[in-house]
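Just so you know, residue 1 is the first one in the sequence shown, and it goes up from there. Predicted model only: the values in this text are computed from it and were never measured.
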Amino acid sequence: MIDLSTSSDLDRLLDDIGDRRIVMLGEASHGTHEYYTWRSAISKRLIQEKGFQFIGVEGDWPDCYRINRFVKGHDGDDPAKVLKQFDRWPTWMWANWEVAALAEWLREHNLGKKEKVGFYGLDVYSLWDSMKEIMTFLEQRDPESLDAARNAINCFAPYAEDEQMYARFSLTEHSCRDEVLTLLKEIRSNMRIYDHDEEAAFSAEQNALIAVNAEKYYRSMMSFDNGSWNVRDRHMMETLTRLLDFHGPDSKAIVWEHNTHIGDARATDMRLSAMINIGQLAREDYGEHDVYLVGFGSYKGSVIAGDAWGATMQEMEVPEARNGSIEDKLHSEFEKDGYLLLHEPATRKKYSGKYPHRAIGVVYDPRREKYGNYVPSVMTERYDAFVYIEETQALHPLHMQPHASKMPETYPFGY
């Protein structure tokens with residue numbers, strides 16, 4: 001294991017990444033301070049030393065596009081105010097001080113530069129918000145296309161922004177598939193008239209694409225298979241590809257998502273359920289020589305999560321890892337922070353087996369760890385590198401006291 005305590009300790013990881021075009025940085029939970037700060041540290045070096053153009057995250061496009069506008073110097077001067085606009089549960093995933101610190105760094109990095117580093121959401125959940133953004137865009141840029149947007153919004157109106165209600169009724173009544181497809185076609189046919197602001201036009205098209213794929217996602221929720229998961233990850237891969245194309249043939253992307261999305265699904269028991277993910281799709285589409293996957297994990301600590309969907313966020317204990325897990329093995333061998341380069345021959349041989357690998361979601365119950373929360377994984381096939389933290393702490397949400405009034409020290413390791 002390579003020791004990890006300061007940013008300079010990342011040298012061997014950066015060397016191992018080489019000239020790959022896509023680097024995906026995972027996390028074992030959506031509420032851990034160290035995962036966010038080390039991903040920030042790696043991302044900064046990729047941007048500064050290897051010319052990466054944007055970060056794509058497991059977040060909604062409309063909200064993340066506001067961060068994109070902020071880091072490019074267009075809107076506002078306070079990252080916390082921008083991030084507090086994330087109001088869909090789980091708010092803490094992006095409305096936290098760790099992301100605020102990164103957003104401020106990106107804004108400063110972009111000052112005076114013609115080509116500015118962007119920040120985008122890859123997810124598919126923002127059906128209603130995306131349609132509202134389309135209405136605002138068309139009112140300002142293309143009023144003649146408003147009818148298509150109104151038809152789509154009116155189709156969904158009876159469901160009062162309740163995705164599950166729409167999913168149920170779409171099985172027996174009229175779905176809104178045709179309306180959102182018509183909207184996407186309308187916007188794409190008029191792209192030439194939006195040329196004076198290419199990124200705003202791209203965003204409008206992306207919001208229309210989200211409407212199409214979100215409608216498909218919510219209909220697939222009612223099936224008895226994993227179709228909705230696959231719709232979501234295919235959408236995230238499609239969005240990543242669109243962003244790479246938009247930024248040019250030499251563009252490079254950093255992706256922040258949960259390990260369950262960025263770690264190649266074929267190296268886990270997900271494949272037994274015909275589930276795919278963005279890490280697998282990126283390797284298939286761009287080749288393993290152009291994609292680098294970094295998993296994250298820890299032995300014990302604390303995390304921000306909810307005990308049910310939509311519940312109040314709280315700081316929870318993360319107990320010591322299950323016996324026989326990869327986290328338990330690394331604790332027994334090293335008892336310190338570090339990372340593994342999984343393609344190195346000795347490391348590959350030593351960790352070539354299948355291990356339980358902890359995965360904590362936004363809903364979490366530490367008492368049930370022995371019944372779940374572990375994904376059987378062939379680590380050397382799932383990732384190219386693995387970052388291990390001996391003991392982690394919960395991140396710092398903007399909406400939770402006592403951290404709301406003062407930004408904590410988010411870079412204690414040399415920044």
Side-chain angles (χ1 to χ4, degrees), residues 21-23 25 36 39-87 93-123 126 129-130 132-134 136-138 140-141 187 191 194-210 236 239-257 398 407 410-411 415:
R21 187 179 186 189
I22 300 169
V23 175
L25 306 175
Y36 282 74
R39 290 189 301 185
S40 291
I42 296 168
S43 299
K44 287 181 179 183
R45 291 198 58 179
L46 291 172
I47 290 165
Q48 291 175 313
E49 300 171 31
K50 294 181 180 288
F52 279 70
Q53 281 99 342
F54 65 89
I55 300 172
V57 305
E58 188 180 340
D60 292 337
W61 178 271
D63 288 331
C64 291
Y65 193 70
R66 295 187 187 99
I67 300 178
N68 179 65
R69 296 279 298 173
F70 170 81
V71 302
K72 292 182 177 179
H74 298 307
D75 299 324
D77 56 7
D78 182 353
K81 288 182 180 179
V82 177
L83 293 171
K84 282 182 178 179
Q85 296 180 64
F86 282 79
D87 58 3
M93 272 185 64
W94 304 113
N96 59 65
W97 287 114
E98 289 79 355
V99 173
L102 175 62
E104 190 155 24
W105 182 90
L106 287 169
R107 185 181 174 96
E108 292 175 1
H109 172 83
N110 284 333
L111 285 175
K113 292 183 172 64
K114 182 179 179 181
E115 301 296 330
K116 300 180 186 296
V117 177
F119 189 99
Y120 306 98
L122 304 179
D123 225 327
S126 61
D129 284 346
S130 286
K132 291 172 185 175
E133 292 294 324
I134 292 169
T136 299
F137 177 85
L138 293 179
Q140 297 172 351
R141 311 289 179 89
I187 288 178
M191 288 296 287
Y194 310 143
D195 285 347
H196 60 285
D197 189 340
E198 290 185 0
E199 189 166 53
F202 179 93
S203 181
E205 183 182 5
Q206 180 63 26
N207 279 311
L209 179 65
I210 289 167
M236 291 194 287
T239 302
L240 176 60
T241 299
R242 279 173 40 78
L243 284 165
L244 285 165
D245 291 344
F246 178 74
H247 285 83
D250 298 321
S251 58
K252 293 183 176 182
I254 303 165
V255 174
W256 287 24
E257 297 201 18
L398 292 173
M407 184 179 295
T410 56
Y411 297 110
Y415 274 93

List the atom of Ile55, the atom of Ile47, and the distance in Å for their closest heavy-atom pair.
CD1-CD1, 4.4 Å
With a cut-off of 6.0 Å (strictly less than), are more than 12 heavy atoms of other residues, nucleotides or ligands near CD of Gln140?
yes
Min side-chain heavy-atom separation Val117-Phe52 under 4.5 Å:
no
Give, for atom OG of Ser43 and atom OH of Tyr36, the distance between the pair rounded to the nearest 0.5 Å.
12.5 Å
Considering all heavy atoms, the nearest Glu58-Asp123 contact:
CG-OD2, 3.7 Å
Where the side chain of Arg21 meets the backbone of Asp250, is there a donor-acceptor pair that is under 3.5 Å apart?
no
Closest approach of Phe86 and Ala95, non-hydrogen atoms and distance?
CB-CB, 4.3 Å
Hey, what do you get for NZ (Lys72) to CD (Glu115), rounding to the nearest 0.5 Å?
9.0 Å
Residue pair Ala204 / Ile187: nearest heavy atoms and the distance that separates them
O-CD1, 4.0 Å
Nearest heavy-atom approach of Phe70 to Ala103 is CE2-O, 3.8 Å
CG-CG distance between Asn207 and Leu138, expressed to the nearest 0.5 angstrom:
10.0 Å
Under a 4.5 Å cut-off applied to non-hydrogen side-chain atoms, are Lys50 and Val23 in contact?
no
Below 30° counts as parallel, above 60° as perpendicular, anything between as tilted: where do the rings of Phe202 and Trp61 land?
tilted
For the atom pair CG (Leu106) and OG (Ser40), what is the distance rounded to the nearest 0.5 Å?
8.0 Å
Could you walk me through whether Val255 and Met236 pass the side chain to side chain contact (heavy atoms under 4.5 Å, CB included) test, one step at a time?
CA-CA 10 Å; Val255 174; Met236 291 194 287; over 6 Å; no
Just checking, is any N or O donor in the side chain of Thr239 or Gln206 under 3.5 Å from an acceptor N or O on the other one?
yes
With rounding to the nearest 0.5 angstrom, report the CD to CG distance, Glu98 to Leu398.
9.0 Å
Rounded to the nearest 0.5 Å, how far does CD of Glu205 lie from CZ of Phe137?
10.0 Å
Side chains of Asn110 and Val71, heavy atoms from C-beta outward: is any pair under 4.5 Å?
yes
Compare all side-chain heavy atoms of Ile67 with those of Leu83 and state whether any distance is below 4.5 angstrom.
yes
Hey, mind stepping through Ile22 and Leu244 against side chain to side chain contact (heavy atoms under 4.5 Å, CB included) and telling me if it holds?
CA-CA 9 Å; Ile22 300 169; Leu244 285 165; 3.9 Å; yes
Evaluate side chain to side chain contact (heavy atoms under 4.5 Å, CB included) for Lys44 paired with Leu46, printing each intermediate quantity in order.
CA-CA 5 Å; Lys44 287 181 179 183; Leu46 291 172; over 6 Å; no
Salt-bridged, Glu133 to Arg66, with N to O below 4.0 Å?
yes
Quick one: closest heavy-atom pair of Arg107 and Gly73, and the distance?
NH1-CA, 3.6 Å
In terms of ring plane angle, is the pair Trp256 and Trp94 parallel, tilted or perpendicular, where the classes change at 30° and 60°?
tilted
Begin with the C-alpha distance, continue with both residues' side-chain angles, and end with the deciding distance and a verdict on side chain to side chain contact (heavy atoms under 4.5 Å, CB included) for Val82 and Asp75.
CA-CA 9 Å; Val82 177; Asp75 299 324; over 6 Å; no
